[in-house]
**Q** 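Following this message is one structure expressed as structure tokens.
Numbers for residues simply follow the sequence, beginning at 1.
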Amino acid sequence: MRIQIRWWCAALFLISAVLQGDEHPQTYVIKGAQRFTSEHQQKLNQWLDHGVIQTKRVFGTYPFTMELHLHPRQGRQPVPWANTWRAGAQSVHLYVDSRFSLEHFTRDWTLYHELSHLALPYLGSNNAWFAEGFASFMQYQVMHQQFSQTAAREILPVLE
């Protein structure tokens, strides 16, 4: 019975988010940006803003304020590690290597994956398989939407 209630809550949230459209602006706060240079802060802010907008195009507006936490970490990719925290605020912790370009960040899947986790209520550790599968599937939906729009903008002037 508990799982059924969670599914109904998730379904209602997704439906209401899509129906709301742009009526309620996407809200998020960035925490930890002061750990980076001003140049890297600007790039990371652009990346986070872009990621939230792209995710909103798929899910609609989330009915809560997200906390996006930035942590410096060097790695072989722009975001070597990330996770969501659900205690208190709906939070995403992103461990980022700010040496990468903005293009590398926007093409990385991690932010879209973590933001997709927030589309569902916490399902418990027994259902982690579903939460991960959902977030993995939805990250590609967000990226497809993003890159198909980019491709359309690049192709349309050529066709005119």
**Q** Is there side-chain contact between Val52 and Met66, with heavy atoms separated by less than 4.5 Å?
**A**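 The answer is yes, as the side chains (C-beta and beyond) meet within the 4.5 Å cut-off.
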**Q** Give a yes or no on whether Leu102 and Val96 share a hydrophobic cluster (residues Ile, Leu, Val, Met, Phe, Trp, Tyr; joining criterion: side-chain heavy atoms under 4.5 Å apart).
**A**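 Yes, Leu102 and Val96 fall within the same hydrophobic cluster.
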**Q** Might you point out which heavy atoms bring Phe130 and Leu120 nearest each other, and give the distance in Å?
**A**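 Minimum heavy-atom separation between Phe130 and Leu120: CE2-CD1, 3.8 Å.
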**Q** Same hydrophobic cluster for Phe64 and Tyr28, using side-chain heavy-atom links shorter than 4.5 Å among ILVMFWY?
**A**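 They do share one cluster, since a chain of ILVMFWY contacts under 4.5 Å joins Phe64 to Tyr28.
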**Q** Examine the side chains of His113 and Thr110 and answer whether a donor and an acceptor come within less than 3.5 Å of each other.
**A**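 No - no donor-acceptor pair under 3.5 Å links their side chains.
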**Q** Between atom CD of Gln46 and atom NZ of Lys43, what is the distance when rounded to the nearest 0.5 Å?
**A**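 If I round to the nearest 0.5 Å, the distance is 10.0 Å.
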**Q** Does one hydrophobic cluster hold both Phe137 and Leu123, with members joined at side-chain heavy-atom distances below 4.5 Å?
**A**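 In one cluster: yes.
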**Q** If you look at every heavy atom in Ala135 and Ser116, which pair is closest and at what distance?
**A**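 Shortest heavy-atom contact: CA-CB, 3.9 Å.
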**Q** Within the 3.5 Å criterion, strictly below it, is a donor on Asn83 or Tyr95 matched to an acceptor on the partner's side chain?
**A**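 No, Tyr95 and Asn83 have no side-chain donor paired with an acceptor closer than 3.5 Å.
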**Q** Look up atom CD1 in Ile30 and atom CG in Asp49, then write down how far apart they are to the nearest 0.5 Å.
**A**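 Atom-to-atom, Ile30:CD1 and Asp49:CG are 7.5 Å apart.
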**Q** Indicate the atoms forming the closest heavy-atom contact of His93 with Trp85, along with that distance.
**A**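 Closest pair (atom of His93, atom of Trp85, distance): NE2-CE3, 3.1 Å.
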**Q** Mind checking the CG-OG1 spacing from Leu111 to Thr55? Nearest 0.5 Å is all I need.
**A**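 Between Leu111 CG and Thr55 OG1, I get 6.0 Å after rounding to 0.5 Å.
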**Q** Measure from the side-chain N and O atoms of Gln41 to the backbone N and O of Ala33, and report whether any donor-acceptor pair falls under 3.5 Å.
**A**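 Yes: the side chain of Gln41 pairs with the backbone of Ala33.
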**Q** Tell me the closest heavy-atom pair linking Arg35 and Leu70, and the distance in Å.
**A**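 That closest heavy-atom pairing would be NH1-O, 2.9 Å.
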**Q** Determine whether a donor-acceptor pair (N or O, by modelled atom type, separation under 3.5 Å) exists between the side chain of Tyr140 and the backbone of Trp109.
**A**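 No.
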**Q** Taking NE2 in His71 as the centre, count heavy atoms belonging to other residues, nucleotides or ligands within less than 6.0 Å. Is the count above 12?
**A**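 Correct, the count exceeds 12.
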**Q** List for me each residue that meets ring-ring contact (aromatic ring centres under 6.0 Å, His included) alongside His40, sequence neighbours excluded, and say none if there are none.
**A**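 In terms of ring-ring contact (aromatic ring centres under 6.0 Å, His included), with neighbours along the sequence ignored, His40 is linked to no residue.
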**Q** In Å, rounded to the nearest 0.5 Å, how long is the span from CD of Glu67 to NZ of Lys31?
**A**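 Between atom CD of Glu67 and atom NZ of Lys31 there are 4.0 Å.
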**Q** On a heavy-atom basis, which atom in Phe100 and which in Phe105 lie closest, and how many Å separate them?
**A**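 Heavy-atom minimum between the residues: O-CE1, 3.5 Å.
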**Q** What residues, two or more places apart in sequence or in another chain, satisfy side-chain contact (heavy atoms from CB on, under 4.5 Å) together with Ser38?
**A**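 Scan of Ser38 (side-chain contact (heavy atoms from CB on, under 4.5 Å), adjacent residues dropped) gives none.
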**Q** Give the C-alpha distance, both sets of side-chain angles, the deciding distance and a yes or no for side-chain hydrogen bond (donor to acceptor under 3.5 Å, both in side chains) between Gln146 and His50.
**A** CA-CA 10 Å; Gln146 169 189 343; His50 175 81; 3.2 Å; yes
**Q** Report the residues that fulfil ring-ring contact (aromatic ring centres under 6.0 Å, His included) with Phe36, sequence neighbours left out, ordered by chain and then residue number.
**A**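 Applying ring-ring contact (aromatic ring centres under 6.0 Å, His included) to Phe36 gives none.
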**Q** Treating Ile, Leu, Val, Met, Phe, Trp and Tyr as nodes and any side-chain heavy-atom pair under 4.5 angstrom as an edge, say whether Trp81 and Val92 lie in one connected cluster.
**A**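 No.
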**Q** Are any of the side-chain heavy atoms of Pro78 and Asp108 separated by less than 4.5 Å?
**A**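 Yes; the side chains approach each other to less than 4.5 Å.
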**Q** Are the side chains of Phe147 and Thr106 in contact, using a 4.5 Å heavy-atom criterion?
**A**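 Not touching, per the 4.5 Å side-chain cut-off.
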**Q** Taking only residues two or more places apart in sequence or in another chain, which ones pass ring-ring contact (aromatic ring centres under 6.0 Å, His included) with Tyr112?
**A**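 Here no residue qualifies.
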**Q** side-chain hydrogen bond (donor to acceptor under 3.5 Å, both in side chains) between Glu132 and His117: does it pass, once the steps are laid out?
**A** CA-CA 8 Å; Glu132 285 304 322; His117 274 297; 3.1 Å; yes
**Q** Do you know which two heavy atoms are closest between Leu115 and Gly51, and how far apart they sit?
**A**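 Result for this residue pair: CD1-O, 3.8 Å.
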**Q** Side chain to side chain donor-acceptor pair (under 3.5 Å) with Asn45: which residues, sequence neighbours excluded?
**A**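 None.
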**Q** Distance check, rounded to the nearest 0.5 Å: Met138 atom CE versus Gln145 atom CD?
**A**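 Reported value, rounded in 0.5 Å steps: 10.0 Å.
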**Q** Does a donor on one side chain sit under 3.5 Å from an acceptor on the other, for His104 and Gln77?
**A**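 Note: His104 and Gln77 side chains miss the donor-acceptor criterion.
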**Q** To the nearest 0.5 Å, how far apart are NE2 in His69 and OG in Ser91?
**A**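 Separation between the atoms: 4.0 Å.
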**Q** Could I get the full list of salt bridge (Lys or Arg N to Asp or Glu O under 4.0 Å) partners for Glu103, not counting sequence neighbours?
**A**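 For Glu103 the salt bridge (Lys or Arg N to Asp or Glu O under 4.0 Å) partners, ignoring immediate neighbours, are Arg107.
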